[in-house]
Enquirer: 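Just passing along the structure, written as structure tokens.
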Amino acid sequence: MGEVELKLLGMWASPFAIRVRIVLNQKGLKYEYFEEDLKNKSELLHKYNPIHKKVPVLIDKDRSVCESLIILQYIDEISQTGPSVLPTDPYERAMTRFWAAYIDDKVFLAMGGILKATTEEEKTDKITEAMSVLELLEETFKKCSKGKYFFGGDTIGFLDVTLGSYLVLLKAAEKVFEFKILDETKFPKLMEWTERFLSTDCVKEVMPKVERVEEFYTKIVKPRWAAASSQ
Amino acid sequence: MDQTSSLKLFGSWASSYTHRVQLALKLKAIQFEYIEEDLSNKSASLLQYNPIYKKVPVLVHNDRPIAESVIILQYLDEVWTDSQIMPADPFERAVVRFWCHFADDKLGPAVGAVFATSGEVQKASVDQVHENLGLIERELREGFFKGRKFFGGDSIGLLDIVLGCGSYWLAVFEEVMTGVKLVDADSFPLFHTWLREFESRDEVKETIPAVDKLLDYARAVRQMLLGLNQSNNVDSADTAAADTTNVVAATVVTNNDITWGVKKYWVSPFWVEMEGMGGYYMSVLTIYGHVWVLVC
């Protein structure tokens, strides 16, 4: 069997890139990592994701796979090592795909909604929306984990990395933008899961430190949005 | 193995997302029960089976529901392993998934926008459609699918189903909106050829509604859109200045909160209600599975 020659184009704070790196780690797959400056995109990025020019991009020999959830499924299908990222049962796979799409659709938007709110009222509304998303995810966690540690059961799976990749960003955002949605009293199982997830080795190695994200939000993101909304 | 002990599909006749699943079931020769949903009056079953999005299609297999057409298609392939619609090779599977996402995230909304607008905004949307089709054309010409009759090779695969069910709106919209060219054979020869091949297949002909039915549907909605735009003197879908004697701001929304999103409503496809002064029109058109609601 040929050598796996993987390259990954990513960005340190991108949840989409983070989740791919977690899975590559978990599977023990070696890869060369390229940090992209998204304001000055590299030739590699233009070449291997010409349509969207976004990270992450997985380059396998000379062929590229784009879009994080597609990359995760690809990695699952090519690797012979490590636990399966998607469940093996077709119905559970369908549910996993459904919830992953839901998470990427709602969580990012919900977070963005809070951060970009221009009035206290709007902020409260957006927080309520985000809470209802988390409520659903609390229920989903209970169903998927079946009493075990992760959405994926005994080991980190597709939904764990999909949702988990947002966690440090969420924690940093809560601090910098002054709100709280990661509430242990409202979402006990989910909050237990967040700590468990973040303390797992393959995650720790990849997840940015919350202080670094806080600094990013404080120095770059907040002023950028303040400028945009005052125009 | 008989897996069809209990297989139901909740759908809507004009929904291209529903057609995708119907076509896949037909190609895989799977028996199922079809339930037509009235989207203005959704059944308790639909709301129970798809509480989050409340949309069609929903497949229910042995009382377990699955929503989202591309997820349903992959499920069908994984349970009924004869006549596979997904390729076996992991890289090709990734390419297929990429273009499915492109179809639903970029092409579909752009086509819907063409239909729902006029003037400069429409022109911009037409350009967007051309750009998107151009990318697909290029993929057919020199990319992964080069030289193939179908995206799936010699036979229809998942990407053919996803792109094909919905592409019939292109010709329908061209017919309904004179002067709008979306998919002419000169600009997109390979896409055009592929679409003709796809539409000539028996299974496809049996799945997609008759073109006159689609035309009637599209004409009715388009008339309404034009009438509203004219009475408002609105050239675009952006909110217009309030006109207290007539219908007010024409705001077109999608159920994906894309651009001009204000609120989402679920109403009957053919229901139009007028309430005199400050009255409102509501109409729904399902394009590529996105529900477009015009609220005035």
Side-chain angles (χ1 to χ4, degrees), chain A residues 4 6 20 48-52 54 56-80 86-106 108-110 112-113 129 132-133 135-137 139-140 143 158, chain B residues 3 7 21 49-53 55 58-81 86-107 131-132 134-136 138-139 142-144 255-258 261:
Chain A
V4 169
L6 296 175
V20 172
Y48 287 108
N49 191 357
I51 294 179
H52 304 299
K54 286 187 183 172
V57 180
L58 184 77
I59 304 166
D60 186 353
K61 300 198 181 63
D62 199 35
R63 305 193 298 185
S64 59
V65 180
C66 304
E67 291 176 21
S68 65
L69 299 183
I70 296 176
I71 296 172
L72 292 182
Q73 291 179 82
Y74 177 74
I75 294 171
D76 221 19
E77 290 171 14
I78 60 161
S79 72
Q80 313 289 316
L86 272 177
T88 44
D89 172 71
Y91 186 72
E92 286 179 25
R93 288 161 72 87
M95 289 304 99
T96 299
R97 288 177 172 131
F98 177 89
W99 285 109
Y102 174 86
I103 287 165
D104 272 351
D105 193 26
K106 302 290 179 190
F108 204 54
L109 220 61
E129 269 178 43
S132 59
V133 169
E135 240 175 74
L136 259 178
L137 292 175
E139 287 314 303
T140 304
K143 277 190 217 144
F158 204 73
Chain B
Q3 289 275 7
L7 191 66
V21 182
Y49 288 133
N50 191 0
I52 294 184
Y53 298 117
K55 291 201 284 196
V58 178
L59 186 80
V60 183
H61 187 204
N62 296 331
D63 270 328
R64 299 198 300 182
I66 299 144
E68 304 293 295
S69 64
V70 177
I71 294 177
I72 295 172
L73 294 182
Q74 292 179 91
Y75 175 78
L76 291 176
D77 230 26
E78 290 171 13
V79 175
W80 285 270
T81 51
M86 272 292 263
D89 173 63
F91 184 74
E92 190 171 343
R93 291 159 72 85
V95 176
V96 164
R97 289 177 176 134
F98 176 88
W99 288 104
C100 284
H101 188 238
F102 182 84
D104 287 347
D105 197 42
K106 303 283 178 209
L107 181 60
E131 191 184 314
N132 293 339
L135 290 169
I136 299 174
R138 188 177 74 187
E139 199 66 14
E142 48 196 71
F144 192 83
N255 64 341
N256 287 348
D257 287 322
I258 297 168

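Note that the structure is a prediction, hence the values are computed from the model and not measured. Below, chains carry the letters A, B, ... as their sequence lines are ordered, and counting in each starts from 1.
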Enquirer: Identify which part of B:R93 has an atom lying under 4.5 Å from any heavy atom of chain A, answering side chain, backbone, both or neither.
Expert: side chain
Enquirer: Please look at B:I72 and chain A and tell me whether the side chain, the backbone, both or neither of the residue comes under 4.5 angstrom of a heavy atom of that chain.
Expert: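 Contact with chain A: none, neither part.
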Enquirer: Under 4.5 Å heavy-atom distance to chain B, tell me which part of A:R93 shows up: side chain, backbone, both or neither.
Expert: side chain
Enquirer: Non-hydrogen atoms of chain B under 4.5 Å away: do they reach the side chain of A:D105, the backbone, both or neither?
Expert: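 The side chain, not the backbone.
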Enquirer: What part of B:L135 gets within 4.5 angstrom of chain A, counting heavy atoms only: side chain, backbone, both, or neither?
Expert: side chain
Enquirer: Atom CG in A:N49, atom SG in A:C66: separation rounded to 0.5 Å?
Expert: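 If I round to the nearest 0.5 Å, the distance is 3.5 Å.
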Enquirer: Taking the side chain as everything from C-beta on, heavy atoms only, tell me whether B:I136 gets closer than 4.5 Å to B:L107.
Expert: yes
Enquirer: Under a 4.5 Å cut-off applied to non-hydrogen side-chain atoms, are A:L137 and A:I103 in contact?
Expert: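 Touching, per the 4.5 Å side-chain cut-off.
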Enquirer: Is A:Y102 close to A:L136 at the side-chain level, that is, under 4.5 Å between some pair of heavy atoms?
Expert: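 In contact.
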Enquirer: What part of A:L69 lies closer than 4.5 angstrom to a heavy atom of chain B: side chain, backbone, both or neither?
Expert: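 No part of it gets close to chain B.
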Enquirer: Backbone N or O of B:P65 within a donor-acceptor pair of the A:Y91 side chain at under 3.5 Å?
Expert: yes
